Amino acid sequence: MFYYKVAVATPYLQFLTYKSINDIPDGTIVKVEVKKRTVLGIIYSKTTDFDPLDIKEILDIYDNIRLTNYYLTFLEKLSNYYTYPIGTTLHKISPIRFIDLDIKKVKEPNLSYHTVSLNDEQQSIYEEIAKKLDKFYTYLIYGVTGSGKTEIYCKLINDVLDRDGQVIYILPEITLTTQLFHRLQIRLKKEVAVYHSKITEKKRQDILVRFNSGALSVIIGARSALFVPGKNIKLIIVDEEHDPSFKQEDTPHYNARDMAVLYGKILNIPVVLGSATPSIESYYNASTNKYKLLRLNQKFHPNTETSIDIIDMKNEEVIDDFLSKKLYDGIYERLNRGEQTLLLINKKGYSSYIICRYCGTILQCNNCSVSMTYYKSDKVARCHYCGTYQHKFRCGKCGGEDFFTVGTGSEKVFELMDQLFPGEILRLDQDVVTSTRRVESILSEFGEKRKKILVGTQIISKGLNYPDITLIGVINIDNLFTLPDFRVEERSVQMLTQFLGRGGRFEKPCQMIIQTYNPDNPVFNVVKTGQLDRFYNDIIEKRKAMGYPPFVHLVKILIDGQRIDKVMDISNKISESLKHTLSKEDKLLGPAIAPISKIKNRHRMQIILKVKTVSNIAKYRKMVDDIFYKYKHGNTKFIFDVDPYNFM
DNA sequence: AGCACGCCGACT
DNA sequence: GTCGGCGTGCTC
Ligand SMILES: [Zn+2]
Ligand SMILES: [Zn+2]
């Protein structure tokens, strides 16, 4: 009889011990029983260290997939870093939880590809990375939009393919993967597969098996693609590495960009990060030579320059309260020339506030401490946090039933634009994005110039690549600056610079118009002058002085529950005991009521830790677990988020 | 997570 | 007297 240390795909569980008469290799996927349920698990190793009682048999062995030791180490280190048990990690993120016994082969496509030629700058970056393809190093390619990062990636991928290596290439959003697929497949020697959470079950199974056997060599996808177990992975690419979408907001709260670097280290292979607007963390790592900084300064079409106008909406002639005459004229002009316009607004729905005409009270969600958003087409008020909606509005304070709305969302912008320029408008935001096919059809309608104006939220600031966009308009993003987040300036600059990059990609000159009520906000000047390096260095100095990342690790502990007194009580208990054991170099902030104090009738408090030494994080986690267990009440819960991105 | 155990209200 | 509600505990 053999005994095995097994990771099971069940939340909260550490490794368990199972037995079998078979000699099973490490990395095998097995079926085991946990509390009368059968679940999948991974054989980590044989073991002799166990309690001989109550050890169950391994029920089944799956031999169509074998995980490498690198992969096992990766999952284990990820779990340790984010302080979640291996069972939680498996259950939440490893695709082995989907594995099916009987898998049919999908037919392989016929491929033809053409080589790309690189300019001198691209060539030297390519050579720098290509000469050390067989060891771990993190590269940061910092290249303006349209400087041709993708061509460098393609040449590197082809080099890896020549040596029978595999490549994982991740992007922050599913929408971007389809667009990239078409660009990549024509340049690569082998088949490219798209992997993310929305692909069909059949495709998923096929990719899992073929990438694992080595029959498939290139995967592009969103976060989750990083966890497709390979056979001989030799290169990881993280494009748009600055993007906060790489952070998974759900347990175990990992950041796929950081995990890509960890995985590369374990595999001893190069990791290539790319961005036109690197994250402060990566930029800093490059400045200390932890990463190798590689700059691309030349645009592929060097004659294009985008002019930027900041419009002060307080003193400007307007067509409507959110549309200046200048922006209107700009759109009109473009339309006459048959050119295209992008319009960015960072709110969904029609308007963000519904206000009582009698007493001025803002309509709030009954379950959450947020205001309801008005959707005109459906004539409802909706809460973005719990999804509930109200058809009939009644003021909670005076009982009044007469309301007016304030604030501008994408639906309202669409409505006005459609009146001004009938039949020329498309809208793209989270409410419209119900499926990847829907997004594709909107984008192709725009790409084929059947409509010339695209109104949307943040999604339209990423990745769009169309030659006839000559006007980039920002309707309003002012509310971004008020977020309680130490990254606001960084994120605003990144977002605006990325949005700016949607235009001037080919020969035609482009103009950006930014409407704002805060024209003096330094962020606009940074975008206008394009002096990112100076801005980055200023931010780094500030972070250093204030003790924020990349100089410390933040940990967010959010406690929530239905009874506010219990939530406060437990928060205080946790905070007190942490304070007692906190190492001298570390700090605790809070506990404080979270900026959104209630969601789905659960009151929320948070504690922020600033931690210097990574190994201390696990100690603090253990302490939180202990205290919470001791004082927990009813449905009160907590989340422990290492390197948080969301402070709401 | 999800299943078992256990202790209170309402129903044959 | 027992059926089932879901609050708490535990998983090799
Ligand atoms: Zn709500
Ligand atoms: Zn009222």
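Every value quoted in this text rests on a predicted model; they were computed, and no experiment measured them. The chains referred to below are lettered A, B, ... by the order of the sequence lines, with proteins before strands, and numbering in each begins at 1. Reckoned from all heavy atoms, side chains included, excluding hydrogens, waters and symmetry mates.
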Checklist entry - For A/K36 and B/dA4, what is the distance between atoms NZ and P respectively, to the nearest whole Å? => result 7 Å
Checklist entry - Does a salt bridge link A/R257 with A/D643, judged by any charged N lying under 4.0 Å from a carboxylate O? => result no
Next on the checklist: Rounded to whole Å, how long is the line connecting atom CG of A/L13 with atom P of B/dG2?
Outcome noted: 13 Å
Next on the checklist: Could you tell me how far apart A/K56 (NZ) and C/dC10 (P) are, to the nearest whole angstrom?
Outcome noted: 15 Å
Next on the checklist: Between A/R437 and A/E440, does any side-chain N to carboxylate O distance fall below 4.0 Å?
Outcome noted: no
Checklist entry - Quick one: A/K5 NZ to C/dT11 P, roughly how many Å, whole number? => result 19 Å
Next on the checklist: Please report the distance, rounded to the nearest Å, between OH in A/Y18 and P in C/dT11.
Outcome noted: 11 Å
Next on the checklist: Is the shortest side-chain heavy-atom distance between A/L208 and A/Y195 below 4.5 Å?
Outcome noted: yes
Please write out the pairs of protein N or O atoms and N or O atoms of nucleotides 4-8 of chain C separated by less than 3.5 Å, giving the distance to one decimal.
none

Checklist outcome for this item: Quick note, A/K35 side chain, CB onward, closest among C/dC12, C/dG9, B/dA1 is C/dG9
Checklist outcome for this item: Closest of B/dA1, C/dC10, C/dC12 to the A/Y629 side chain is C/dC10
Item to check | Backbone of A/I58 reached by a side-chain donor or acceptor of A/Y4 within 3.5 Å | outcome: no
Next on the checklist: I'd like to know if A/K573 pairs up with A/D569 as an ion pair, taking the criterion as any Lys NZ or Arg NE/NH1/NH2 lying under 4.0 Å from an Asp or Glu carboxylate oxygen.
Outcome noted: yes
Checklist entry - Do A/N69 and A/D26 get their side chains close enough for a donor-acceptor pair, meaning under 3.5 Å? => result no
Checklist entry - Could you give the CG-to-P distance, from A/L16 to C/dC12, as a whole number of Å? => result 6 Å
Next on the checklist: For C/dT11 and A/Y12 - does any side-chain N or O of the residue sit under 4.0 Å from the phosphate oxygens OP1/OP2?
Outcome noted: no
Item to check | Separation of B/dG2 P from A/H91 NE2 (nearest whole Å) | outcome: 6 Å
Checklist entry - Given atom NZ of A/K92 and atom C1' of B/dG2, what is their separation to the nearest angstrom? => result 13 Å
Checklist entry - Looking at A/K347 and A/D429, does any basic side-chain N land under 4.0 Å from a carboxylate oxygen? => result no
